[in-house]
There are 2 protein chains.
Amino acid sequence: MKEVLQPNRTVTRADVARLAGVSTAVVSYTLNGGPRPVAPGTAAKVLDAVAKLGYQPNAAAQTLSRGTSQVIGLIIPDIGNPFFGAFASAIESAARSQGFDVMICSTHSNSTAYYVRHLDSLRVHGILMLAILDPRDEPLVHKVSTRIVQLNDPRPVAGGVSVAADLYNGARDAVRHLIALGHQTVAFLGDLDDGEPRHAGWRDALRELGAAPGPSAHAPFSREGGVAGMKELLLAGEPPTAVFASSDMIAIGALRALHEAKIRVPEDVSIVSFDDSPESAFAFPGITAMRQPIEKMAQEALTALINPRHLRPGLHLHPTTLVERQSTAPPAR
Amino acid sequence: MKEVLQPNRTVTRADVARLAGVSTAVVSYTLNGGPRPVAPGTAAKVLDAVAKLGYQPNAAAQTLSRGTSQVIGLIIPDIGNPFFGAFASAIESAARSQGFDVMICSTHSNSTAYYVRHLDSLRVHGILMLAILDPRDEPLVHKVSTRIVQLNDPRPVAGGVSVAADLYNGARDAVRHLIALGHQTVAFLGDLDDGEPRHAGWRDALRELGAAPGPSAHAPFSREGGVAGMKELLLAGEPPTAVFASSDMIAIGALRALHEAKIRVPEDVSIVSFDDSPESAFAFPGITAMRQPIEKMAQEALTALINPRHLRPGLHLHPTTLVERQSTAPPAR
DNA sequence: ATGAAAGCGCTAACAA
DNA sequence: TTGTTAGCGCTTTCAT
């Protein structure tokens with residue numbers, strides 16, 4: 001026993017080559033299935049050595065050599081938000097099944113630009129951006145060497161692809177559903193910006209159906225926002241008999257405000273919300289919601305990233321579907 | 001115009017060196033603040049060139065050269081679960097503030113061993129394992145070259161550190177709270193395994209307080225599990241007046257089952273749950289819960305990973321605190 | 001079918 | 001204080 005082996009020296013491809021009695025190139029050929037053929041017997045020896053040594057290729061070296069990694073970067077506002085969590089989960093599964101890892105960057109309050117640059121320096125295979133892109137950052141997106149696909153942003157960058165739910169028509173369908181139940185009009189909770197598709201859809205649907213324009217209140221996309229918005233609606237005058245909430249979180253908050261005001265759902269007021277997360281399904285009463293097909297969207301966005309030829313540039317809208325639960329009923333009279 | 005420049009050739013450290021009129025080493029020294037000093041004037045020239053070229057170091061090359069990356073791997077059962085989502089969010093913030101990225105691996109049903117190996121091959125700086133480690137995988141953990149810190153696993157591997165909430169005492173405190181309110185006994189919802197700390201804490205607290213052993217039902221850690229468990233409890237006989245649920249998700253499900261059975265909370269039955277997620281706070285009524293200090297735990301686990309000297313091996317328990325909301329009251333009687 | 005060797009971009013030991 | 005250069009582990013072209 002002369003040589004003292006480094007106890008934990010990591011096993012490299014050279015060790016495998018030595019043990020198998022071949023060159024390092026052949027080890028690569030074998031493990032990567034190319035680009036040159038390998039004789040079956042040789043391959044067996046290599047695989048043997050790999051198993052014996054417990055060899056794991058060094059991913060960093062592979063990335064450096066290949067110029068790209070098997071990692072997909074995901075930029076997301078906040079992984080702690082259940083809706084984004086569910087979306088991230090769907091993306092993770094889809095990516096994993098294609099052999100990609102997902103690196104999640106929760107921006108919280110930071111700028112997305114920072115993360116775009118950062119992921120680019122990691123030479124990720126591509127970036128999925130589940131956040132509204134600040135128009136000022138568009139130049140950056142084009143400067144970067146990684147492909148970027150937007151998710152849920154209605155405004156794709158020039159030449160880029162964005163996969164999004166059809167918020168506008170979803171909002172219209174929600175309103176139609178409530179009006180069809182017999183409600184005179186529908187109140188709105190969410191972002192009051194005219195460009196916001198859900199707000200526009202709500203407004204247009206009421207107009208087309210000849211219904212009176214309902215009251216509306218600004219509500220940030222959070223449970224607290226829903227509480228505040230609903231309270232504002234209640235204070236403003238006669239309580240509405242029907243409410244369209246722009247997200248589940250808002251609906252959850254609205255529900256809380258209604259409960260506290262002893263207003264019953266759906267007897268006194270009906271609610272339809274957006275997203276259809278488990279949380280809203282398990283609220284009491286269960287909330288009728290427009291479901292976003294997040295699995296499909298995740299799949300499509302990933303395809304766009306991995307196999308760009310399959311998807312033309314532009315906005316790719318996915319329809320939402322109404323999931324009926326107990327929060328909606330005809331008006332009491 | 002003779003030479004046709006590659007339009008998007010990525011800028012390397014050599015380009016910076018050339019433009020700044022220095023060697024590549026000096027570029028490194030400047031950007032890394034060492035290991036050799038750099039004259040202020042020289043540094044300025046380098047920084048200038050960096051800015052002018054928009055240079056971003058190639059993280060893969062850095063990882064290869066340094067032998068380790070600035071990435072922390074996080075193994076988590078399911079990022080779509082709100083509790084894990086919140087935990088991941090806390091870990092992400094903590095890591096980010098220390099200059100680390102987080103690579104999230106949601107295992108879903110796969111074995112954690114696969115991800116441990118995978119993250120190791122990525123030469124991550126360390127692995128945070130927010131999942132119960134299968135004892136059969138313990139040998140693997142020792143074979144790997146990356147440091148692993150366990151989160152929420154009451155059984156640290158030999159020589160390793162595990163950071164966890166004190167589930168046992170948390171359960172005891174929950175039971176004490178309910179008994180102090182005047183309840184004769186407390187029912188249990190969760191994992192009935194005797195080794196499960198919350199189950200043990202519940203059982204022991206009742207015994208010590210001289211209360212009758214309450215009924216219990218098995219409930220998987222999900223909303224659906226809570227519904228099923230609560231229904232089982234209701235079918236078994238006289239409804240309990242107080243229930244301890246092992247997690248928020250279980251409590252949410254239990255609440256739903258009680259609502260459907262027209263049993264009022266807290267008038268007819270009080271509930272205390274575990275975790276204290278926003279979802280349980282916004283349930284109706286708001287659920288009294290034992291709060292896990294996830295931010296603190298995330299911080300400590302990260303410290304253990306980055307600065308191992310600061311934390312001795314073994315189990316590091318964090319106390320939980322009772323957050324009172326509207327789901328608890330004295331029994332009707 | 002196999003091997004030798006030139007990178008990939010960066011770090012850091014060593015030389016100057 | 002700055003420059004030269006030998007790696008880090010892997011891929012892949014080009015010889016053989």
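Here is how names work: the chains are called A, B, and so on, in the same order as the sequence lines, proteins then strands, and each is numbered from 1.
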Discussion item. Could you tell me how far apart B/L31 (CG) and C/dG9 (C1') are, to the nearest whole angstrom?
Written reply: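 Going from CG in B/L31 over to C1' in C/dG9 covers 13 Å.
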
Worksheet item: Quick one: A/L122 CG to C/dG9 P, roughly how many Å, whole number?
Response: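 Rounding to the nearest Å, CG of A/L122 and P of C/dG9 are 15 Å apart.
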
Reckon [X] touches a base, only the sugar-phosphate, or nothing at all at heavy-atom distances under 4.0 Å?
{"X": "B/R66", "answer": "sugar-phosphate"}
{"X": "B/T42", "answer": "sugar-phosphate"}
{"X": "A/A25", "answer": "base"}

Worksheet item: Does B/Y29 make a side-chain donor-acceptor contact with the base of D/dG3, cut-off 3.5 Å?
Response: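 Side chain to base: pair present.
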
Worksheet item: Side-chain donor or acceptor of B/S65 under 3.5 Å from a matching atom on the base of D/dG7?
Response: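 Between D/dG7 and B/S65, which were checked side chain against base, a qualifying N/O pair under 3.5 Å is present.
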
Worksheet item: With respect to the phosphate group of D/dG9, does any side-chain polar atom (N or O) of A/T10 fall under 4.0 Å of OP1 or OP2?
Response: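 For A/T10, the contact criterion (side-chain N or O under 4.0 Å from OP1 or OP2 of D/dG9) is met.
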
Item to complete: Using only side-chain N and O atoms of A/T12, determine if any of them is under 4.0 Å from OP1 or OP2 of D/dG9.
Response: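 For D/dG9, neither OP1 nor OP2 has a side-chain N or O of A/T12 closer than 4.0 Å.
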
Fill in: Heavy-atom side-chain proximity of A/V144 to A/V116 below 4.5 angstrom
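Contact flag for A/V144/A/V116 side chains = yes.
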
Worksheet item: In terms of the angle between their ring planes, are A/Y114 and A/H118 parallel, tilted or perpendicular, with boundaries placed at 30° and 60°?
Response: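 Parallel.
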
Fill in: Earlier contact from the 5' end, DNA chain D, for A/N58 and B/A39
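Its nearest nucleotide being more 5', the pick is B/A39.
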
Worksheet item: Starting at the 5' end of DNA chain D and moving along, which residue's nearest nucleotide shows up first, B/R123 or A/V26?
Response: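 Here B/R123 is the residue nearer the 5' end.
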
Item to complete: Starting from the 5' end of DNA chain C, give me the residue, B/A60 or A/V38, whose nearest nucleotide shows up first.
Response: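 The residue closer to the strand's 5' end, by nearest nucleotide, is A/V38.
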
Practice prompt. Identify whether the distance between the nearest side-chain nitrogen and carboxylate oxygen of B/K143 and B/E138 falls below 4.0 Å.
Written response: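 Salt bridge absent between B/K143 and B/E138.
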
